[in-house]
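Remarks on the structure that follows.
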Amino acid sequence: MPELPEVEVTRRSFAAAIEGATVLQARLGKPLRWPLGLASECLLGARVGAVSRRGKYLWLPLSRPKASGGLLLHLGMSGSLAFSPGLADAPAGAHDHFDLQTDRGLLRLTDPRRFGAVVWSEAIDADPAAKLLGGLGMEPFDLRFDGTHLHAGLSGRRVAVKLALLAGDIVVGAGNIYACEALFLAGIDPRLAAAKLSRPRAERLAQAVRAVLAQALEAGGTTLRDFKDAHGVAGSFQMQARVYGREGQPCLTCATPIKRIVQGQRSTFFCPQCQKR
DNA sequence: CGTAGGACCTGTTGGC
DNA sequence: TGCCAACAGGTCCTAC
């Protein structure tokens, strides 16, 4: 579910409501990707700060009288967060693996596949958060993210440009859907070797990544199956996807059937006519 | 260092 | 209708 737009839409949907809240209780369900790294009782009484995002991670600052820090949250493939004002009314379901009950409402992580994570860190720039965020590339809406940056990042890489985008160490945020869409917008064949992308085409691609993520943000993200923001609102970008999930259907530009291939064990959708090597 | 592949999980869908 | 294989929004870790 969650690429940068979904994570950011989620953040915006509950950040204001939870800021300043006091933690009353924390509950863990089944194990997620990593252990919390702290006894959940230690979170009691903590004050929630301003929720921020880095890549596809959310950072929930928690200040306690003595030790402060925060929770680094990741939604994995199937995770979503819900924030319901007041005290918990709905009992935790089979896939609800983290609850943070505050005096303003309940923040609940639902994640059937459990690739997501909730990890305590003393600071966002201290381990384990620093280790997880350390290898991340530039934020796509950072003004310094441009063709020059992208071109430099792609240089020396023999992998396909799509896989280089997905790796997230040059620019963060584009997952499988938006990487496919951005390459279509830029007219670039996803199989092209990263280092072979010319400077001008890197500029086009950088702009395309930005444009696609901005459009998706505007649309409230993509809801393929179960993505909802923290208030249960679904996204609608799937209606605007040009190639993702459209194998065999006519390209909206040239009517050539959209092709599906596998790269790095994941599906890639592209138009063999509009996207060139 | 770059790359390829496996690993982690559960649920849904499509073909026979 | 039932069963099984394929597939799903991510990314970390290991081995070459």
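Residue numbers start from 1 in every chain, and the chains themselves are labelled A, B, ... in the order their sequence lines are given, proteins ahead of strands.
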Measure from [atom1] on [X] to [atom2] on [N] and round the result to the nearest Å.
| X | N | atom1 | atom2 | answer |
| --- | --- | --- | --- | --- |
| A:L72 | C:dG10 | CG | C1' | 14 Å |
| A:R158 | C:dC16 | CZ | C1' | 13 Å |
| A:R266 | C:dC12 | CZ | C1' | 13 Å |
| A:M77 | C:dC7 | CE | C1' | 9 Å |
| A:R54 | C:dT11 | CZ | P | 12 Å |
| A:W34 | C:dC13 | CH2 | C1' | 10 Å |
| A:E6 | C:dG10 | CD | C1' | 12 Å |
| A:L166 | B:dG5 | CG | P | 16 Å |

4.5 Å side-chain heavy-atom contact, A:L71 and A:L62 | yes
Does a side-chain N or O from A:S267 land closer than 4.0 Å to OP1 or OP2 of C:dC7, or not?
-> no
Report yes if at least one side-chain N or O of A:H74 is closer than 4.0 Å to OP1 or OP2 of C:dT11; otherwise report no.
-> yes
Distance-only, no hydrogens or angles: does the [X] side chain make a donor-acceptor pair with backbone N or O of [Y] under 3.5 Å?
| X | Y | result |
| --- | --- | --- |
| A:S121 | A:I124 | no |
| A:Q238 | A:G235 | yes |
| A:E181 | A:L213 | no |
| A:H97 | A:R108 | no |
| A:H231 | A:V233 | no |

Criterion side chain to side chain donor-acceptor pair (under 3.5 Å) on A:R199 and A:T148, from CA distance to verdict | CA-CA 7 Å; A:R199 202 16 244 282; A:T148 303; 3.1 Å; yes
Which dot-bracket string fits DNA chain C when only Watson-Crick or G-U wobble pairs with both atom distances under 3.5 Å count, crossing pairs get [ ], and | stands for a partner on a different strand?
-> .|||||||.|||||||
Between A:S80 and A:K228, does a side chain to side chain donor-acceptor pair (under 3.5 Å) hold up when you go through it step by step?
-> CA-CA 7 Å; A:S80 60; A:K228 303 272 172 51; over 6 Å; no
For A:D96 and A:R27, the nearest pair of non-hydrogen atoms, with its separation, is O-NH2, 2.8 Å
Heavy-atom closest pair, residues A:P190 and A:A160 =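 In this case the closest contact between A:P190 and A:A160 is O-CB, 3.3 Å.
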Annotated protein contacts, base or backbone, on nucleotides 6-16 of chain B with a non-hydrogen cut-off under 4.0 Å, one of B, S, - each = B-BBBSS----
May I ask you to list the residues of residues 123-136 of chain A, by number, that have any heavy atom positioned under 4.0 Å from an atom of DNA chain B?
-> none
Ring centres under 6.0 angstrom apart (A:F237, A:Y178) |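 Here the rings of A:Y178 and A:F237 have centres that are less than 6.0 Å from each other.
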Using the P atom on both, measure C:dT1 against B:dG11 and round to a whole Å.
-> 22 Å
Which of these nucleotides, C:dG10, B:dT3, C:dA8, is closest to any side-chain atom of A:K56?
->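 Nearest nucleotide to the side chain: C:dG10.
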Flag for A:D229-A:T10: side-chain donor and acceptor within less than 3.5 Å |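 Absent: no donor and acceptor within the cut-off.
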Which part of the nucleic acid, if any, lies within contact of A:Y57, taking any heavy atom under 4.0 Å across all strands shown: a base, the sugar-phosphate backbone alone, or nothing?
-> sugar-phosphate
